[in-house]
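Below you'll find the structure, written out as structure tokens, and then a few comments.
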Amino acid sequence: MTDVRDILDIEAPAANELTKESIIGSDKRIKKKYDYKVPKRPEGMHREVFALLCKDNNDVPPLFPTDTGKGYKQMKAKLGMKKVRSWKWTPFTNPARTDEAVFHHWRRVADAGKEYPFAKFNKQIPIPTYTNTEYTQHLVTSGWTRAETDHLFDLCRRFDLRFIVIHDRWDHKKYPARTVEDLKNRYYQVCAALSKAKQQHEKVYTFDSDHERRRKEQLKKLFERTSEQIEEEQVLITELRKIEQRKKERDRKTQDLQKLITAADQADPRKSDKKSSKKSSTRHKSVNNSTSTVIKLQVTEPTGIKFPDFKNSGVSLRSQRIKLPSSLGQKKLKGIEQTLIDMKLDLNPPPTEQICQQFNELRSDIVLHYELKGALATCDYELQSLRHQYEALAPGKTLIIPPILQPKTEPEVKSDVIDVVGSPNVSNLV
């Protein structure tokens, strides 16, 4: 506003002139300063524990839980005009007791004559009863007498089917010793026989005493194991996991090898249909004998280079068809380049229709060749490892490898040139 007045040559307003600020007031709010002195949290105390002990307003925690969340200081007494309910020292009896004992407690006068509230917790298990006729017709069995059965059911009523206590209170002087399983088995046999005789459609619990004994024996053996036996078990579990891992690895390698063999058969058009079917069937049988999780030949995918298909609408160059995909890998790219140089072929030939197709097939066969070579070297290494393990386990014996399983040693110069990091006999393209 001062700059505008200077440009328009307007004098500044007097001190008593009315302005917007003088009428409406300033928008600046007066901020109140609250001086809270929060004590420092002791070292080693968690933040949550300190928050329970001290708040921002230095209020001590309440002595009892409240619903307001304000503590007990801000609680106001709610006074009413109603009369206080009268209480009386009255006697009472518990219906759950059979000795008719009389007790006394304070009780409201309005609740006089009501049943003792804790009597509802007296839950009793219904124990079946039987007559002499029912016992003679349905419950007679070898090894148990009528007196023993009566004594068992009497203890079941007294101790609510707590068979450990029943076994402890069993009269060993008058009756032969019984195990907990024998007592439970006899009780549930009598219950099932009575339910069947009375034609009651209730679910009958079947107790297997033999299974319970075996379970307790196994639990006892598990509990009485020594530290050496526990360590031995852990070692065996670790070895079992290693064996399962090696089995999965062998299955995976077998599947990869089967894919390579299928791809090599499909890439060779000079073989006749009869020979290829015979060889594929024999190979399929041999692989199935070695592992049970081999994928069938009909569902395997050929390996090699997968060139992208340019089927989208628009203009595209034919030279893009011979461009190698970026996911191929640097070692395979160098291997393909060196092989083409050894074959005295151009790395970027003229991209005609026929040249593009044949050039891509050639490079795919090159990659497949080195993958098969790497798989052969891996199989030979595993075969030699098995031979050494056999000789270590059986001293003085030698595992004879058939000549058909031994790889043919042919001198090749390409592997020496292509290999970048590894040994000269194993290709690193896989």
(message) Any side-chain to backbone donor/acceptor pair from Ser364 onto Asn360? Under 3.5 Å, distance only.
(response) no

(message) To check you understand the geometry: which heavy-atom pair defines the closest contact between His151 and Asp171, and what is its length?
(response) NE2-N, 3.4 Å

(message) If you count heavy atoms of other groups shown closer than 6.0 angstrom to NZ of Lys248, is the number above 12?
(response) no

(request) Run the ring-centre check on Phe153 versus Tyr130 and record whether the distance is less than 6.0 Å. (result) yes

(request) Output the distance between atom CG (Leu155) and atom CD1 (Ile127), rounded to the nearest 0.5 Å. (result) 11.0 Å

(message) Can you confirm whether more than 12 heavy atoms, excluding those of Lys196, are under 6.0 Å from its NZ atom?
(response) no

(message) Are Thr90 and Trp106 packed together at the side-chain level, in the sense that at least one heavy-atom pair is separated by less than 4.5 angstrom?
(response) no

(request) Can you sort out the partners of Glu233 under salt bridge (charged side-chain N to carboxylate O under 4.0 Å, His left out), two or more places apart, ordered by chain and number? (result) Arg225

(message) Could you check whether Asn122 and Arg97, counting side-chain N and O atoms only, form a donor-acceptor pair closer than 3.5 Å?
(response) no

(request) Can you sort out the partners of Gln384 under side chain to side chain donor-acceptor pair (under 3.5 Å), two or more places apart, ordered by chain and number? (result) Arg387

(message) Between Ser195 and Cys191 (side chain of the first, backbone of the second, donor and acceptor by atom type, cut-off under 3.5 Å), is there such a pair?
(response) no

(request) May I ask you to say whether Arg250 pairs ionically with Glu382, meaning some side-chain N is under 4.0 Å from a carboxylate O? (result) no

(request) Kindly give the heavy-atom pair with the smallest separation between Arg107 and Glu115, and that separation in Å. (result) NH2-O, 3.6 Å

(message) Is there a side-chain contact between Leu368 and Leu372 in this structure, where contact means two heavy atoms from C-beta onward sitting under 4.5 Å apart?
(response) yes

(message) Here's a test for you: under side chain to side chain donor-acceptor pair (under 3.5 Å), which of Arg246, Gln245, Arg252, Lys247 qualifies with Glu249?
(response) Arg252

(request) Please step through side chain to side chain contact (heavy atoms under 4.5 Å, CB included) for the pair Ile336 and Val367, ending with a clear verdict. (result) CA-CA 7 Å; Ile336 294 172; Val367 173; 3.4 Å; yes

(request) Considering only NZ, NE, NH1 and NH2 on the basic side and carboxylate oxygens on the acidic side, decide whether Arg178 and Glu148 come within less than 4.0 Å. (result) yes

(request) Measure the shortest side-chain to side-chain distance between Pro42 and Phe50 over non-hydrogen atoms and say whether it is less than 4.5 angstrom. (result) yes

(message) Run the side chain to side chain contact (heavy atoms under 4.5 Å, CB included) test on Thr398 and Glu391 for me, step by step, so that the C-alpha distance in whole Å, both residues' side-chain angles and the decisive distance to 0.1 Å come before the verdict.
(response) CA-CA 6 Å; Thr398 304; Glu391 292 177 356; 3.4 Å; yes

(message) I'd like to know whether NE2 of His104 has more than 12 heavy-atom contacts from other residues, nucleotides or ligands below 6.0 angstrom.
(response) yes

(request) Considering only NZ, NE, NH1 and NH2 on the basic side and carboxylate oxygens on the acidic side, decide whether Asp111 and Lys114 come within less than 4.0 Å. (result) yes

(message) Let me confirm one number: the CZ-CZ distance from Arg47 to Arg41, rounded to the nearest 0.5 Å.
(response) 8.0 Å

(request) Would you kindly say whether Tyr370 and Thr339 are connected by a side-chain donor-acceptor distance under 3.5 Å? (result) yes

(message) What's the separation between atom NE2 in His167 and atom CG in Asp182, rounded to the nearest 0.5 Å?
(response) 8.5 Å

(request) State plainly whether the residues Glu212 and Arg215 are in salt-bridge range, i.e. N to O under 4.0 Å. (result) yes

(message) Main chain of Leu183, side chain of Arg186: is a donor-acceptor contact present, judged purely on distance under 3.5 Å?
(response) no

(request) Could you walk me through whether Gln137 and Thr133 pass side chain to side chain contact (heavy atoms under 4.5 Å, CB included), step by step? (result) CA-CA 6 Å; Gln137 294 178 358; Thr133 305; 3.4 Å; yes

(request) For residues Arg157 and Pro128, report the shortest heavy-atom separation together with the two atoms involved. (result) NH2-O, 3.3 Å

(request) State whether a side-chain donor-acceptor pair under 3.5 Å links Thr254 with Asp251. (result) no

(message) Using a 3.5 Å distance criterion without hydrogens, assess whether the side chain of Tyr135 forms a donor-acceptor pair with backbone atoms of Arg146.
(response) yes

(request) Taking atom CD of Gln124 as the centre, report whether more than 12 heavy atoms of other residues, nucleotides or ligands fall under 6.0 Å from it. (result) no

(request) Kindly compute the distance separating CD (Gln229) from CD (Glu231), expressed to the nearest 0.5 Å. (result) 11.0 Å

(message) Show the nearest heavy-atom pair for residues Ala101 and Thr93, with the distance to one decimal.
(response) O-CG2, 3.7 Å

(message) Would you compute the distance between atom CZ of Arg169 and atom CZ of Phe159 and round it to the nearest 0.5 angstrom?
(response) 5.0 Å

(request) Kindly state whether the ring of Trp89 and the ring of His105 have centres lying under 6.0 angstrom apart. (result) no

(message) Run Ile166 and Val180 through side chain to side chain contact (heavy atoms under 4.5 Å, CB included) and show every step you take.
(response) CA-CA 8 Å; Ile166 293 172; Val180 179; over 6 Å; no

(message) Quick test of your reading of the model: are Arg214 and Glu181 salt-bridged, counting only N-O distances below 4.0 Å?
(response) no

(request) Measure the spacing between CH2 of Trp170 and CZ of Phe163 and express it to the nearest 0.5 Å. (result) 11.0 Å

(request) Provide the closest heavy-atom pair for Asp160 versus Ile125 in the form atom of the first, atom of the second, distance. (result) O-CD1, 3.7 Å

(message) For Pro117 versus Lys120, what's the shortest heavy-atom pair and its separation?
(response) O-CG, 3.3 Å

